[in-house]
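Predicted, not measured: the structure shown is a model, and the values here were computed from it. Protein chains get the first letters and strands the later ones, always in sequence-line order, with residue 1 at the start of each. We use all heavy atoms of the structure for the numbers below, so side chains are in, but hydrogens, waters and symmetry mates are not.
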Protein chains: 2
Amino acid sequence: MSANINATLSALAEPKRLQIVELLREGPLTVGEIAEKLELLQPQTSKHLGVLNKAGLVEVKAQANMRIYKLCQQPFKDLDGWLTSFEHVWEERFDRLDEYLQKLQGKD
Amino acid sequence: MSANINATLSALAEPKRLQIVELLREGPLTVGEIAEKLELLQPQTSKHLGVLNKAGLVEVKAQANMRIYKLCQQPFKDLDGWLTSFEHVWEERFDRLDEYLQKLQGKD
DNA sequence: TAGGAATATTCTTGTAAAGGAATATTTAGA
DNA sequence: TCTAAATATTCCTTTACAAGAATATTCCTA
């Protein structure tokens with residue numbers, strides 16, 4: 001499974017879904033609990049959870065007539081790995097603006 | 001400055017903008033270079049860069065009649081920090097599904 | 001100062017997606 | 001088997017936004 005950073009970012013970009021994900025850091029919750037804590041209507045809660053599920057960010061476990069949602073770890077690890085690829089950018093010698101300017105000058 | 005994770009995620013969620021950001025890991029580039037390397041039209045390139053700039057992900061430096069864009073580091077660090085808040089979730093003892101199920105059983 | 005190169009902006013249009021409301025589905029229990 | 005609770009799904013409407021095309025702006029140079 002290659003890391004689909006795009007899918008992960010798209011799913012997280014929606015404010016309410018971000019809230020849901022942040023809430024689920026505390027632990028698994030049912031749809032009803034999520035809706036109550038975030039003051040969302042049940043249908044939109046289910047829909048957002050569906051999107052998160054499709055993106056692979058959460059998984060479901062049926063329990064009686066309830067569904068318990070919890071976070072998956074892989075996409076977050078993938079996202080963290082992706083961010084790691086930026087680390088060298090922050091090192092001073094990689095802020096190549098001056099170098100770049102000189103290159104531009106040289107073109108004249 | 002509080003970390004606006006939402007804004008960062010929204011800006012990165014667009015596939016072409018993600019490409020632009022990934023390209024800028026290599027170093028600063030002008031609009032024309034970005035458009036050429038990613039095979040984008042100049043106007044949309046400028047527009048995407050405008051969004052990234054507004055979200056604080058890139059900064060611009062004018063040079064002659066060109067604009068050199070480079071990545072900002074703060075939002076990426078903030079995003080990384082945000083991801084750190086998930087670390088405890090991955091520890092086994094925090095995967096509280098069983099614990100949660102028992103709590104549910106106890107309600108009966 | 002006229003022209004061309006690089007970039008930004010505006011306007012329009014098409015589309016994806018979020019919200020609201022209503023309804024369907026599933027499950028436990030009387 | 002009927003009902004109620006929990007959740008999912010469908011339909012409709014509205015809105016945000018990306019693409020495309022055309023135009024405006026800025027700056028250098030001849």
Side-chain angles (χ1 to χ4, degrees), chain A residues 4 6-21 23-24 28-55 57-70 97 100-101 103-108, chain B residues 4 6-21 23-24 28-55 57-70 97 100-101 103-108:
Chain A
N4 192 349
N6 253 314
T8 299
L9 291 171
S10 295
L12 292 175
E14 210 286 325
K16 309 231 169 112
R17 282 199 292 270
L18 188 62
Q19 281 187 273
I20 292 175
V21 166
L23 179 58
L24 288 177
L29 289 175
T30 66
V31 176
E33 289 172 320
I34 296 170
E36 184 192 0
K37 297 202 184 204
L38 299 181
E39 297 185 348
L40 301 175
L41 297 177
Q42 177 269 316
Q44 7 271 29
T45 306
S46 281
K47 279 186 275 190
H48 281 310
L49 285 168
V51 174
L52 290 172
N53 184 47
K54 204 161 195 171
L57 297 189
V58 302
E59 52 186 317
V60 209
K61 184 181 177 68
Q63 177 71 3
N65 59 343
M66 313 193 300
R67 307 284 177 99
I68 304 175
Y69 281 88
K70 56 171 287 210
L97 189 51
Y100 188 85
L101 286 174
K103 193 180 77 184
L104 281 179
Q105 306 283 13
K107 283 182 178 172
D108 303 340
Chain B
N4 193 349
N6 252 314
T8 300
L9 291 171
S10 296
L12 291 176
E14 211 287 325
K16 308 225 168 119
R17 283 199 291 271
L18 188 62
Q19 280 188 274
I20 291 176
V21 166
L23 178 59
L24 288 177
L29 290 175
T30 66
V31 176
E33 290 171 319
I34 295 170
E36 184 191 2
K37 297 202 184 203
L38 298 182
E39 298 185 348
L40 301 176
L41 297 177
Q42 178 269 315
Q44 8 270 32
T45 305
S46 282
K47 279 185 278 190
H48 281 310
L49 286 167
V51 173
L52 290 172
N53 183 48
K54 203 160 196 172
L57 297 189
V58 302
E59 51 186 320
V60 209
K61 185 182 177 68
Q63 178 72 3
N65 58 344
M66 312 193 301
R67 306 286 175 97
I68 304 176
Y69 281 87
K70 56 170 288 211
L97 189 50
Y100 188 85
L101 285 174
K103 193 180 75 184
L104 281 178
Q105 306 284 11
K107 283 181 179 174
D108 302 340

Next item on the list: Round to a whole Å and report the spacing from CD1 of I20(A) to C1' of dT7(D).
Entry: 14 Å

Check: OP1, OP2 of dA8(D) versus side-chain N and O of R67(A): anything below 4.0 Å?
Finding: yes

Hey, what are the protein-to-nucleotides 16-19 of chain C N/O distances that come in under 3.5 Å?
| unit_1 | atom_1 | unit_2 | atom_2 | d |
| --- | --- | --- | --- | --- |
| dA18(C) | OP1 | R17(A) | NH2 | 3.1 |
| dA18(C) | OP2 | R17(A) | NH1 | 3.3 |
| dG19(C) | OP1 | K16(A) | NZ | 2.9 |
| dG19(C) | OP2 | H48(A) | NE2 | 2.9 |

Next item on the list: Taking the side chain as every heavy atom from C-beta outward, state whether L24(B) and I34(B) have any atom pair closer than 4.5 Å.
Entry: yes

Item checked: E36(B): salt bridge (Lys or Arg N to Asp or Glu O under 4.0 Å) partners, not counting sequence neighbours -> none

Checklist line | Partner residues of L41(B) under the side chain to side chain contact (heavy atoms under 4.5 Å, CB included) criterion, sequence neighbours left out | finding: P43(B), Q44(B)

Margin query: Return whichever of L41(A) or A64(A) has its heavy-atom-nearest nucleotide of DNA chain C closer to the 5' end.
Written below: L41(A)

Checklist line | Rounded distance (Å) that lies between atom C1' of dT7(D) and atom CG of N65(A) | finding: 8 Å

Next item on the list: Just jot down the side chain to side chain contact (heavy atoms under 4.5 Å, CB included) partners of N53(A), sequence neighbours excluded, or say none.
Entry: V58(A), V60(A)

Check: Hey, does the side chain of Y69(A) come within less than 4.0 Å of dA6(D)'s phosphate (OP1/OP2), counting only N and O?
Finding: no

Check: How far does NZ of K37(B) sit from CG of L29(B), to the nearest 0.5 angstrom?
Finding: 5.5 Å

Notebook entry, point to check: By side chain to side chain donor-acceptor pair (under 3.5 Å), which residues pair with Q42(B), not counting sequence neighbours?
Noted result: S46(B)

Note to self: Using 0.5 Å steps for rounding, measure from the OG1 atom of T30(B) to the CD atom of Q63(B).
What the structure shows: 11.0 Å

Note to self: Rounded at 0.5 Å granularity, tell me how far CG in L9(A) sits from OG1 in T8(B).
What the structure shows: 10.5 Å

Notebook entry, point to check: Within this structure, what is the CD1-to-P distance between I34(A) and dA6(D), rounded to whole angstrom?
Noted result: 14 Å

Is there any protein nitrogen or oxygen under 3.5 Å from a nitrogen or oxygen in nucleotides 22-25 of chain C, and what are the pairs?
none

Donor-acceptor pairs under 3.5 angstrom involving side-chain atoms of residues 13-20 of chain A: please list them, not counting sequence neighbours.
| unit_1 | atom_1 | unit_2 | atom_2 | d |
| --- | --- | --- | --- | --- |
| E14(A) | OE1 | K16(A) | N | 2.9 |
| E14(A) | OE1 | R17(A) | N | 3.1 |
| R17(A) | NE | A11(A) | O | 2.7 |
| R17(A) | NH1 | H48(A) | ND1 | 3.2 |

Next item on the list: Could you grab the distance from atom CD of E33(B) to atom CD1 of I68(B), nearest 0.5 Å is fine?
Entry: 8.5 Å

Notebook entry, point to check: What integer distance in Å separates M66(A):CE from dG29(C):P?
Noted result: 11 Å

Next item on the list: Extract the stems that DNA chain C is part of, considering only consecutive pairing runs of at least three Watson-Crick or G-U wobble pairs, both distances under 3.5 Å.
Entry: C:1-30 with D:1-30

Check: Separation of Q19(B) atom CD from dA18(D) atom P, in whole Å?
Finding: 14 Å

Next item on the list: Round to the nearest Å and state the distance from L40(A) atom CG to dA8(D) atom C1'.
Entry: 16 Å

